[in-house]
Amino acid sequence: MQSYLNDQITTVLAGMGGTPPGFELEFQQPGNPDHGDLACNVAMQLARHFRKSPRQIAEDIKAGLEALPLDASKIESVEVAGPGFLNFKISSSHLFDALQVILDAENAYGRTQSGEGKSALVEFVSANPTGPLTVGHGRNAVLGDTIARMLEWTGYDVQREYYFNDAGRQMRVLGESVRARYMAFQDPAIPMKMIGDEGDQVSVPEPFPEDGYLGEYIADIAGELFNSGEKVDLADVDRFKRAAEEKIFAEIGATLERMGINMDSYFNERSLYDSGQIWAIIDRFKALDLAYDKEGAVWLRTTAFGKEQDTVLVKSTGEPTYRLPDIGYHIDKLDRGYSKIVDVFGADHIATFPDVVEGVRALGHDADRIEVVIYQFVTLVRSGAPVKMSTRKATYVTLDELMDEVGEDVTRFFFLMRSPNTHLEFDLDLAKEASDTNPVFYLQYAHARIQSILRKAAEIDMEVVSDADLSLLVHETETGLIKTLMALPEQIERAAELREPHRLANFLREVAVAFTQFYGNCRIIGEPIGIASARLRLATATALVLKNGLAVLGISAPDRM
RNA sequence: GCGCUCGUAGCUCAGCUGGAUAGAGUGUUGGAUUCCGGUUCCAAAGGUCGGAGGUUCGAAUCCUCUCGAGCGCACCA
């Protein structure tokens, strides 16, 4: 529709003397229904160019459009309003066509082709396997997966990747933590010590590292290893580390799967060392005079990228900092040929990723394909008060616990319903409420109610006839609902483009509201067969839009609740 | 001190590429229901869009300054 009008107006403008170079028409959907279905502000924009009043230009364009003339099956009327807006009213026959398109497309309605032939790699979660996923990881996981889903719906070939490092200090401490717990199983009389912050201490075996992991799962892993009967050499920290890694990864995988998330690949940071890629990068930086040796370390000249200070690439111990493998990893991803590389990071990475991107660019790679989605932190709220969370203490809430408490659908929706760059307040009381105050239930309820109507219609043999006369849908809540339903593809497209799933969540609420208005004004069952059939078709289309939209968000659309 | 993000109704937040009278939910107050699912619907009250300048035909939106909040500024990741 928009492209049709775009062509027509461009034709008219050409007859009026043309537009400035690079000029593009803009359309918008007016909030006020009196302003039609589609508005164009071209007259105001070109007032200076034509040296005429915006209203006059708008009138000229209108006259030009009517002389063409416009296709009456698409556009019913054109009006000039306000300071010079051109307001278009979509003709009802076009609405009925659009409704038929939805019904024909069924589960594919909402898919578009803009990403056809393109590929994207979305990297997310990427938590090192030191413990169960927490609520903090949840936002990352759901955001990443939903961005991946949105890209898929716009035609992209998408790969989901999990990046991790099992070789660092964190993991060594993890192994030592397990070993200490293991020793307590071997010798229950082992001396214990208190560890942790003042007033929040935990009793641990004497050999436990000061900054060890305090969660109960550590003892579980140690216990399993002990009970397995395997003879473990206490000096072999790596064995304990491996045991922990396996168990924790299995749990993370299960948690993700429960959320409807399936990773396509896991990328181990260590492979970058094994292949030697890392060291080659240093040589390349040095050749460009972007890296140098100082005080036994290798420094990256980040001042050349506008930073205040240079940063360390390789510590004097010979161990690289995270930047070096990160640069290597991104080069690897670029080399794999994806058209888009999306990273999902928490706000704590906000200052560091530019170093990586600039480093990659400096080495001559196409860093423009890399895109970073940053999200702010999550605060859990219970009974009106924030829930304190700390990974070290036993106070953090795991994703599984959260899902146990509020369910998978609610968990996903709550993480998605706010813009990524605002702090998210996750209200547990609201999330648990199965009522109208909970936005997920409102959407799912609308879907379930439609299914109920369809069931009821089938019971009384009022089958949906596929050739129902849709032109009987003339009530303003009916046409209003159709107009809302029509917007799904562009809404998904827009949300995908901006990597902002919350837009889609908000849109689905609008769909549910539009349906409720229709439902409140137009009965289906009990009406004459013609109108009833047409309305059943409309209800069916609404259910499709809700179901497909929720599917993009990874949320179920139950038939009964 | 420097960088990034945010500041919109009592609360939680939308607000698209600048566009017409700034919107939802929740809460408050009042109302509706023999009816396809009341897990519903309708209405009212509630705003200096943190503040000040600027750009523009037009600014919650863009720019500058300023105040406030969060996060980050390691030879941690």
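FYI, side chains are in, hydrogens and waters are out, and symmetry mates aren't considered; it's all heavy atoms of this structure. Here is how names work: the chains are called A, B, and so on, in the same order as the sequence lines, proteins then strands, and each is numbered from 1.
- Taking atom P on both nucleotides, B:U66 is separated from B:C4 by 14 Å, rounded to a whole Å.
- The residue A:Ala539 sits apart from the nucleic acid: no heavy atom pair falls under 4.0 Å.
- None of A:Val511, A:Asn506, A:Val513 except one satisfies the side-chain contact (heavy atoms from CB on, under 4.5 Å) rule with A:Arg509; the exception is A:Val513.
- Counting non-hydrogen atoms under 4.0 angstrom, A:Asn521 reaches nothing in the nucleic acid.
- Taking the six-membered ring where the residue is Trp, the centroids of A:Tyr375 and A:Phe124 are separated by 6.0 Å or more.
- Of the C1' atoms belonging to B:U5 and B:G50, the separation is 16 Å, rounded to the nearest Å.
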Hey, mind stepping through A:Lys294 and A:Asp310 against salt bridge (Lys or Arg N to Asp or Glu O under 4.0 Å) and telling me if it holds? CA-CA 11 Å; A:Lys294 192 178 97 182; A:Asp310 290 342; over 6 Å; no
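- Within 4.0 Å (heavy atoms only), A:Glu295 reaches at least one base atom of the nucleic acid.
- Residue A:Thr422 places at least one side-chain N or O closer than 4.0 Å to OP1 or OP2 of B:A14.
- If you take atom C1' in B:C16 and the same atom in B:C62, they sit 15 Å apart, rounded to whole Å.
- Electrostatic pairing of A:Glu123 and A:Lys333 counts as a salt bridge here, judged by a charged N lying under 4.0 Å from a carboxylate O.
- Within 4.0 Å of A:Ser452, counting heavy atoms only, lies at least one base atom of the nucleic acid.
- Comparing atom distances between the A:Tyr445 side chain and each of B:U39, B:C36, B:A77 picks out B:U39 as nearest.
- Using a 4.0 Å heavy-atom cutoff across all strands shown, A:Asn87 reaches at least one base atom of the nucleic acid.
- Remark: the A:Ser316 side chain and the B:C75 base include a donor-acceptor N/O pair separated by less than 3.5 Å.
- Using a 4.0 Å heavy-atom criterion, one finds that A:Glu425 contacts the sugar-phosphate atoms exclusively.
- An OP1 or OP2 oxygen of B:C4 is reached within less than 4.0 angstrom by no side-chain nitrogen or oxygen of A:His349.
- One can place CD of A:Gln309 at 17 Å from P of B:G1, the figure rounded to the nearest angstrom.
- Under the stacking definition used here (centres under 5.5 Å, planes under 30°), the residue A:His502 fails to qualify as stacked on the base of B:A14.
- With distances taken from any side-chain atom of A:Met44 to the nucleotides B:G19, B:C75, B:A14, the minimum falls on B:G19.
- Looking at heavy-atom distances under 4.0 Å, A:Tyr519 makes contact with a base.
- Rounded to a whole Å, the CZ atom of A:Arg323 is 10 Å from the C1' atom of B:C73.
- Look at A:Lys315 and you'll find a side-chain N or O under 4.0 angstrom from OP1 or OP2 of B:C76.
- Nucleotides B:A45 and B:A22 place their P atoms 14 Å apart, quoted to the nearest Å.
- As judged by a 4.0 angstrom heavy-atom cut-off over every strand, A:Phe27 is placed among the base-contacting residues.
- Spacing between atom CD of A:Glu500 and atom P of B:G15 amounts to 7 Å, rounded to whole angstrom units.
- Residue A:Tyr375 has no polar side-chain atom (N or O) positioned under 4.0 Å from OP1 or OP2 of B:C6.
- In terms of phosphate contacts, A:Arg503 brings no side-chain nitrogen or oxygen within less than 4.0 Å of OP1 or OP2 of B:A14.
- Between the P atoms of B:A14 and B:A59, the separation comes to 24 Å (whole Å).
- Nucleotide B:G46 is matched to nothing when pairs are restricted to Watson-Crick or G-U wobble geometry with both distances under 3.5 angstrom.
- Across all strands shown, the partner of B:C65 is B:G51, judged by Watson-Crick or G-U wobble contacts whose two distances both fall under 3.5 Å.
- Side-chain atoms of A:Asp409 and A:Ser556 include a donor-acceptor pair closer than 3.5 Å.
- Ring geometry, A:Phe267 versus A:Tyr329: the interplanar angle falls from 30° to 60°, so the pair is classed tilted.
- Residue A:Asn506 places none of its side-chain N or O atoms closer than 4.0 Å to OP1 or OP2 of B:A14.
- A:Tyr162 and A:Phe164 have perpendicular rings, their planes meeting at more than 60° on a 0 to 90° scale where under 30° would count as parallel.
- As judged by a 4.0 angstrom heavy-atom cut-off over every strand, A:Ser419 is placed among residues touching the sugar-phosphate backbone only.
- If A:Asn41 and A:Glu269 are placed on RNA chain B by their nearest nucleotide, the residue sitting closer to the 5' end is A:Asn41.
- Heavy atoms of A:Met561 sit under 4.0 angstrom from at least one base atom.
- Note on A:Pro320: only backbone sugar-phosphate atoms sit closer than 4.0 angstrom, heavy atoms only; bases stay farther off.
- Backbone-only engagement by A:Thr516 is indicated by non-hydrogen atom pairs under 4.0 Å involving sugar-phosphate atoms exclusively.
- Atom CZ of A:Phe441 and atom CZ of A:Phe413 lie 11.5 Å apart (nearest 0.5 Å).
- A gap of 24 Å separates the P atoms of B:A60 and B:A44, to the nearest Å.
- Note: CD (A:Gln376) to C1' (B:G72) measures 11 Å, nearest angstrom.
- Distance A:Phe85 CZ to B:U21 C1': 13 Å, rounded to the nearest Å.
- Between A:Cys522 and A:Gln2, the residue whose closest nucleotide on RNA chain B is further toward the 5' end is A:Gln2.
- Pairing for B:C41 goes to B:G31, judged as Watson-Crick or G-U wobble with the two contacts each under 3.5 Å.
- Pairing partner, B:G72: B:C2, with both Watson-Crick or wobble hydrogen-bond distances short of 3.5 Å.
- Classification of the A:Phe353-A:Phe345 ring pair by plane angle, with boundaries at 30° and 60°, yields tilted.
- With a cut-off of 3.5 Å on both Watson-Crick or G-U wobble distances, the partner of B:C57 is given as B:G19.
- B:G10 and B:U29 are spaced 14 Å apart, taking the C1' atom of each and rounding to whole Å.
- For B:G1 and B:C65, the P atoms lie 15 Å apart once the distance is rounded to whole Å.
- For the pair A:Ile327 CD1 and B:A77 C1', the interatomic distance rounds to 14 Å; values are reported in whole Å.
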